Amino acid sequence: MTSRIDRGTMRKVAGVLIALAAWQSFAMSSGSRLIPGIEDIAIEFAGLALNGELADHTLTSLSQGLLGLFIAFSIASVSGYAAARNWAVDAAIHPLVSLAYPVPKLALYPLVILLLGLGWESRTAQVALECFFPLFVHAHAGAKAVAPRMEWLARNVDASPWQAARDVIVPTAMPYMLTGLRIAIPIMLIVTTVTEFIGDSQGLGYLIARSASYFDTASAFAVIVVLGALGLLGDRLVVLARDRLVFWEKGASL
Amino acid sequence: MNDGRRAEPGAGGAPVEPGSNLIRLRDVSKTFQRDDHVVHALDALDLCVGRGEFVTVLGPSGCGKTTLLHLVGGFELPTAGTVSVDGCEVMGPGRDRGMVFQEATLFPWRTTRSNVAWPMEVEGVGRREARRRADRLLARVGLRGFENAYPSELSGGMRQRAALARTLAMEPSVLLMDEPFGALDAQTREAMQEELMRLWQASGLTVMFVTHDISEAVFLGDRVVVMGVSPGRIVEDRRIDLPRPRTAQTRTDPRVLEYRAHLWELLARHRAASDPEPERVP
Amino acid sequence: MSDGRAPLATLREAPWIVSIAFAASLLAIWQLGAAMGRLPEYILGPADIVAATFDQIHRGELLDRVIPSLRRALSGFAIGASIGVVLGLLAGVSRPFRELFDLTQAFTHPIPKIALFPAVAIVLGFTDPARILIIAIAAFFPAYLNALNGALGVNPGLVWVGRNIGASRVRIFLQVVLPASLPRTVVGLRISLMVSFIMMVATELVGHSDGLGAGLMDAYLEAEYGEMYAGILAVAVCGVLANAILLLVSRRLLSWQGAGGTGHD
Ligand SMILES: Nc1ncnc2c1ncn2[C@@H]1O[C@H](COP(=O)(O)OP(=O)(O)OP(=O)(O)O)[C@@H](O)[C@H]1O
Ligand SMILES: [Mg+2]
């Protein structure tokens, strides 16, 4: 049994090593400065980290992205809840949301710029716009998932709508909302990055675009690694929150 | 099909005098619309339950037992007729009528104690006081030591006890129980029945208890109301003259066998007389 | 909610009336606002948008934009998703294979793939291959992960039945694992398709290009607002249509199990 686990771990590590080696040999055999080796990326990473640029731009990107995510989460929770609990609200907004769900909201970005300018406001709004949809769908499904028995129980003890929401519906909806969040975080990173490409600005996307304009792919990849790490971190945090907040759902798939 | 519209008192049963009736169902019908046809779940049903009485409701699957409890609980409203409790017509659920569902509906995210404290918190009882009372209730249903356990850590019987404690926390005057022990094994089930007897004896509660199980109905009830199917109606209302308090000894009483045999035959007859494809779905 | 008012009760039977009324009144308010001329010049009313769109279609400009965009989105999707499904299913049935990919996938999955675009564009230029490559990489992951989980979730009993009757490994893969993991795989494909469209717009917004995303950006820069709205509408229609088609296909494929998944997971 242990040898089996060890073999598994070895294979996993071997997989990463093979991927890295493949990249490295590809970089070396190409002989082009444009395809950086791992050591080039590491050096650029250290440079950007040491002169503080990486931290600055990460902070900018994260604060914009998280603000957008927060706005989307708030609006999606309230409207998803309202739609799940009231048929008229549901009839009004659910078809519109379903229709717009598969549309890349990024197409609205020029309009958002016209409305809010090229600054952080438009980027934040765009993040919120794109993240709203998966969050709404999951908040809605979560608030709908309350077992009829649970609702009857709430009526039996004469719980007020507010008490029923707090004690029955929100806990039931929680795992769904966390799933929504887990989908929304990568979307937030994508939209933050794209919107930072456009216009002169700040943030990790901007850093990539700037590096690229100097044909400095090594720096660009150093920033990409940071973005990947942020995505991974965000995802782990949600899973951790799930384990703590939704502890009663053992092994529920997220 | 015989005209079983009225609650015919059984051989040994006389209806309780009207003045002391807590629950009254008069000419109650309930229909459901399913796809394109109407299901008559209950048809012109009359039933009275006296204050402090323990009535068990027995009948084949689909005869409307659950519907009957839901009407008294106010979770559903009758299509015709009136349901009244303590002289007031039932218009919706209320804390005076506590429901114990077939599957223990506990919040998986709250501990046993916190589940039981919930109805009191909703009422505005302070947190500490609610917890104190919850612990007392848990001790009464034999769950001392499990206050901090989550429902997932309890056995089926324990969950059902916790659900009962939570219902008692509402301080209802009527307890509505829908096959609460249906999912338990035979031993646990008997132990729970005896505990319920003990609790009820000390409480003065009025209980309507739905079951499939003839022995359970006889062991628990002051009266056994037998229902027939399609449409749901009462075919017999039989008083059970077994001494109180009922304990494990009661099960060996020879009269238990007599009641069981009688009810068994009655049910078999009505099942055979009912529609050709009896519903098997719980 | 159940306040017993008769008109409300009837409405409740036919909620689509509320849906249409709400959407219509939104459009009407929007139109009214535009007609009153109190809105900024870049906010066009619905009527103007429709007119501008027809104008664009008439002049053939919209189609000129739609075609290269769709070509990129769909070829990227086809390449990325098919590789993803094949590798995902293989990883689902083969433990060594799965373990080999496990960590690499865990580290690369969270990278927003659009971040690779400038670097890729340095090497390949702002060309179709660069864009298709990015779309394919982005489309790969949802397809891979869902196919993998679909294959992992196959009831082992079914596989044992296959073994028991002496079916070959290939036959078990094709006739047991593949159909059993199909529902989950199809969910992955729908997510992949959505991601492909996001990446299509994203890669076109950046760098010099033709296509819908570039058209949007050009229209914005030249203050051609009618053109801009026509582009937005075209993107929306493409997204909705592609999703609807895939949904239809998946319903067909999965007719034995009811619905075609929720499209999100
Ligand atoms: N919400 C509903 N919609 C449609 N039909 C219903 C509904 N609730 C109950 N019925 C029908 O009413 C009849 C009585 O149902 P009920 O649940 O009261 O039976 P029951 O005696 O409790 O059965 P069981 O012993 O299986 O629990 C059944 O035919 C059932 O199908
Ligand atoms: Mg029932």
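Residue numbers begin at 1 in each chain, while the letters A, B, ... track the order of the sequences. Just so it is clear, the structure is predicted and the values come from calculations on it, not from any experiment.
Only the side chain of B:Met170 comes within contact range of chain A, judged by heavy atoms closer than 4.5 Å. The contact between B:Tyr150 and chain A is made entirely by side chain atoms (from C-beta outward), counting heavy-atom distances below 4.5 Å. Proximity to chain A is limited to the side chain of B:Glu76, based on heavy atoms less than 4.5 angstrom apart. Within the 4.5 angstrom heavy-atom criterion, atoms from both the backbone and the side chain of A:Ala154 approach chain B.
Of the possible donor and acceptor atoms, one in the side chain of B:Lys65 sits under 3.5 Å from a partner among the backbone N and O of B:Pro60.
Around the CD atom of B:Glu171, the shell of radius 6.0 Å holds no more than 12 heavy atoms that belong to other residues, nucleotides or ligands. Surrounding CZ of B:Phe32 are more than 12 heavy atoms belonging to other residues, nucleotides or ligands, all under 6.0 Å away.
Partners of B:Glu121 by salt bridge (Lys or Arg N to Asp or Glu O under 4.0 Å), not counting sequence neighbours, listed by chain and number: B:Arg110.
When the options A:Leu204, A:Asp235, A:Val225 are evaluated for a side-chain contact (heavy atoms from CB on, under 4.5 Å) with A:Leu230, the one that passes is A:Leu204.
By number of non-hydrogen pairs under 4.5 angstrom with chain A, the leading residue of B:Pro93, B:Gly74, B:Gly73 is B:Pro93.
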